[in-house]
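Computation of the quantities below employed the complete heavy-atom set of this structure, encompassing side-chain atoms and omitting hydrogens, waters and symmetry-equivalent molecules.
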Amino acid sequence: MERGFHAHKALNQVAVALSGSCEIEFDDGTNTETIQLNSRDEGVLIRPGLWRVMRNFSEDCVLVVFADAHYDEDDYIRDYDAFKAWVSNK
């Protein structure tokens, strides 16, 4: 199963695997990087303007994501082509 497939315009997040493991692929519009989360002692800061895809969840994975703001649908970019256009206009 894969999840994510979006970016945020302003929201900062921190993701931590409380148990198990998963991968998060980040795309800034030019480069991609994949991070393996497999320790509750480490997390990853997800800054605005990064497309993310979460995958390869272990059966026991519990992933928690902390956000610095309340839900705002206007902050989401849910279409990859729209994300690429947004990044090129920044």
Side-chain angles (χ1 to χ4, degrees):
M1 171 172 41
E2 296 182 326
R3 298 187 49 106
F5 302 100
H6 67 273
H8 289 280
K9 299 172 190 170
L11 186 72
N12 287 284
Q13 298 174 305
V14 174
V16 179
L18 295 181
S19 68
S21 63
C22 70
E23 295 175 352
I24 304 178
E25 179 182 295
F26 298 105
D27 179 339
D28 67 4
T30 303
N31 302 298
T32 62
E33 179 180 2
T34 300
I35 303 291
Q36 176 82 24
L37 291 177
N38 58 12
S39 170
R40 72 177 87 185
D41 297 329
E42 297 180 3
V44 62
L45 175 62
I46 307 170
R47 296 221 181 257
L50 290 174
W51 187 263
R52 80 281 319 268
V53 177
M54 298 165 283
R55 62 172 62 99
N56 295 327
F57 294 92
S58 65
E59 286 189 27
D60 61 339
C61 183
V62 176
L63 181 66
V64 64
V65 180
F66 301 96
D68 70 349
H70 292 283
Y71 175 81
D72 177 3
E73 180 60 32
D74 291 335
D75 186 58
Y76 279 78
I77 305 170
R78 297 186 186 272
D79 177 80
Y80 188 74
D81 290 333
F83 165 72
K84 292 283 285 188
W86 182 80
V87 167
S88 68
N89 290 323
K90 280 179 33 173

Inset, instruction - For side-chain contact (heavy atoms from CB on, under 4.5 Å), just list the numbers for His70 and Asp72, CA-CA rounded to whole Å, side-chain angles, deciding distance to a tenth of an Å, and then say yes or no. - result: CA-CA 6 Å; His70 292 283; Asp72 177 3; over 6 Å; no
Legend entry - Member of Cys22, Ser21, Cys61, Ser58 meeting the side-chain contact (heavy atoms from CB on, under 4.5 Å) criterion with Asn38: Ser21
Inset, instruction - Might you confirm whether atom CD of Glu73 has over 12 heavy atoms from other residues, nucleotides or ligands at distances under 6.0 Å? - result: yes
Inset, instruction - Tell me whether the centres of the aromatic rings in Phe83 and Tyr76 are closer together than 6.0 Å. - result: no
Inset, instruction - State yes or no: are the ring centers of Trp51 and Tyr80 separated by less than 6.0 Å? - result: yes
Legend entry - hydrophobic_cluster_shared for Met1 and Phe5, side chain cutoff 4.5 Å: no
Legend entry - Met54 and Leu63, any side-chain heavy atoms less than 4.5 Å apart: yes
Inset, instruction - Using a 4.5 Å cut-off on heavy atoms from C-beta on, say whether the side chain of Pro48 contacts that of Leu11. - result: no
Legend entry - Rounded distance [0.5 Å steps], OG1 in Thr32 versus CG in Leu50: 11.5 Å
Inset, instruction - Starting at OG1 of Thr30, measure out to NZ of Lys84 and round the result to the nearest 0.5 Å. - result: 6.0 Å
Legend entry - Trace of the side-chain contact (heavy atoms from CB on, under 4.5 Å) decision for Val44 with Val14: CA-CA 5 Å; Val44 62; Val14 174; over 6 Å; no
Inset, instruction - Report the C-alpha separation of Gln36 and Glu42 in whole Å, then their side-chain angles, then the decisive distance to 0.1 Å, and conclude whether the side-chain contact (heavy atoms from CB on, under 4.5 Å) test is met. - result: CA-CA 10 Å; Gln36 176 82 24; Glu42 297 180 3; over 6 Å; no
Legend entry - Minimum-distance pair of heavy atoms, taken over all atoms of Ala85 and Ser88: O-OG, 2.9 Å
Legend entry - Donor on one side chain, acceptor on other, Arg47 and Gln13, under 3.5 Å: no
Inset, instruction - Report whether Ile46 and Ile35 are members of the same hydrophobic cluster (ILVMFWY, side-chain heavy atoms less than 4.5 Å apart, transitive linking). - result: yes
Inset, instruction - Could you tell me the separation between the CG atom of Leu18 and the CZ atom of Arg40, rounded to the nearest 0.5 Å? - result: 7.5 Å
Inset, instruction - Determine the minimum heavy-atom distance between Ile24 and Ala15, stating which atoms define it. - result: CD1-CB, 4.0 Å
Legend entry - Asn56 and its side-chain hydrogen bond (donor to acceptor under 3.5 Å, both in side chains) partner, picked from Glu2, Glu25, Glu23: Glu23
Legend entry - Residue pair His8 / Ile77, side-chain heavy-atom distance below 4.5 Å: no
Inset, instruction - Report yes or no: do Val64 and Val62 belong to one cluster of Ile/Leu/Val/Met/Phe/Trp/Tyr joined by side chain heavy-atom distances under 4.5 Å? - result: yes
